[in-house]
Amino acid sequence: MEIERKWMVDGWPETLPLTETYRMDQGYISVRPTVRIRREALEGGRTAHILCFKGAPDPDGLAREEIETEIAPDLFERLSRLIGKPLIAKERRSYALPGGLRLEVNDVDAGQPTHFMYAEVEFPTMEAARGWEPAEAGLKEYLRDECTGKPGASMGEYWLETRGEA
């Protein structure tokens, strides 16, 4: 189960310790239900190729079932060709938060007219997600535009808007 909150942001946070940076390419075989592929290249580390299935979100948009499995690079390439559309380019930077949480900030399709940035925090429980306040991490202003559960705020919706039907 994936439990997360999401915010639209401007730029990278300036006050948190950076823990890792990934370059990613992702595409959608299907948006409803979500079937996604993603190449995740850790800066200075390994590259993983992931096939992901996501269920429908709960009514609050906080949680949904997520199944990820690593696939071979050649299968990723075959699925990418099957999709037949440019994959979404992302840079994701992760930052340590108090209490062992992590802020993941994503820069999506940099250099494109549709470019935007968003941040996510994953939580161990629904209670932790509902109870967490950005001010606890000194991020009240940075995380002021929460879009958790808002229609159109998913990467799948962005795919449909910019690439068309999966």
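Quantities reported herein were computed from a predicted structural model and do not represent experimental measurements. Just so you know, residue 1 is the first one in the sequence shown, and it goes up from there.
Listed by chain and residue number, His115 satisfy the side-chain hydrogen bond (donor to acceptor under 3.5 Å, both in side chains) test with Asp107 (two or more places apart in sequence, or in another chain). By the side-chain hydrogen bond (donor to acceptor under 3.5 Å, both in side chains) test, Glu91 pairs with Arg23, Arg93, sequence neighbours left out. Every residue two or more places apart in sequence or in another chain was checked for a side-chain hydrogen bond (donor to acceptor under 3.5 Å, both in side chains) with Glu4, and none qualifies. Residues passing the salt bridge (Lys or Arg N to Asp or Glu O under 4.0 Å) test with Arg81, sequence neighbours excluded: none. Residues that satisfy the side-chain contact (heavy atoms from CB on, under 4.5 Å) test with Pro124, not counting sequence neighbours, are Leu101, Ala128. Residues meeting the salt bridge (Lys or Arg N to Asp or Glu O under 4.0 Å) test with Lys54, sequence neighbours left out: Glu2, Glu66. By the side-chain hydrogen bond (donor to acceptor under 3.5 Å, both in side chains) test, Arg78 is found to be paired with no residue, residues two or more places apart in sequence or in another chain being considered.
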Show me the donor-acceptor pairs within less than 3.5 Å that the side chains of residues 34-42 make with the rest of the protein, sequence neighbours left out.
from	atom 1	to	atom 2	distance (Å)
Thr34	OG1	Val31	O	3.0
Arg36	NH2	Glu68	OE2	3.4
Arg38	NE	Glu40	OE2	3.0
Arg38	NH1	Gln26	OE1	2.9
Arg38	NH2	Glu40	OE2	3.2
Arg39	NE	Asp25	OD2	3.3
Arg39	NH1	Glu77	OE2	2.7
Arg39	NH2	Asp25	OD2	3.3

Check residues 6-18 and write down every donor-acceptor pair under 3.5 Å in which the side-chain atom is one partner and the other belongs to a residue at least two apart or another chain.
from	atom 1	to	atom 2	distance (Å)
Lys6	NZ	Ala153	O	2.3
Trp7	NE1	Leu143	O	3.3

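By the 4.5 Å heavy-atom criterion applied to side chains, Glu146 and Arg5 are counted as neighbours. Proximity of Ser80 to Leu87: side-chain heavy atoms (C-beta onward) are separated by under 4.5 Å at one or more points. Looking only at side-chain heavy atoms (C-beta outward), Val121 and Leu97 come within less than 4.5 Å of each other.
Hydrophobic cluster membership is shared by Phe53 and Met155, with clusters built from Ile, Leu, Val, Met, Phe, Trp and Tyr side chains linked at under 4.5 angstrom. Cluster annotation: Tyr118 and Leu160 are assigned to the same hydrophobic cluster (Ile/Leu/Val/Met/Phe/Trp/Tyr, side-chain heavy-atom contacts under 4.5 Å, transitive). When hydrophobic clusters are built by joining Ile, Leu, Val, Met, Phe, Trp and Tyr residues whose side-chain heavy atoms come closer than 4.5 Å, directly or via intermediates, Ile67 is not grouped with Met1.
A salt bridge links Arg46 to Glu70: one of the charged nitrogens lies within less than 4.0 Å of a carboxylate oxygen.
Between Gly156 and Tyr28, the shortest heavy-atom distance links the atoms N-OH, 3.6 Å. Heavy atoms only, all atoms of each residue included: Arg64 and Gly55 are closest at CD-O, 3.1 Å. Heavy atoms only, all atoms of each residue included: Val105 and Ala119 are closest at CG2-CB, 4.0 Å.
Atom CG in Leu62 sits 8.0 Å away from atom CD1 in Ile3 (nearest 0.5 Å). Expressed to the nearest 0.5 Å, how far CZ of Arg102 lies from OG1 of Thr19 amounts to 6.5 Å.
Judged as a side-chain hydrogen bond (donor to acceptor under 3.5 Å, both in side chains), the pairs with a partner in residues 151-166 (not counting sequence neighbours) are, in order, Arg32-Glu157, Asp109-Tyr158, Asp109-Arg163, Thr114-Tyr158. Each side-chain hydrogen bond (donor to acceptor under 3.5 Å, both in side chains) pair with one or both residues in residues 120-143, not counting sequence neighbours, appears once here: Asp60-Arg130. Pairs passing the ring pair (Phe, Tyr, Trp, His ring centres under 6.0 Å) check and including a residue from residues 62-112, sequence neighbours excluded, read His49-Phe76.
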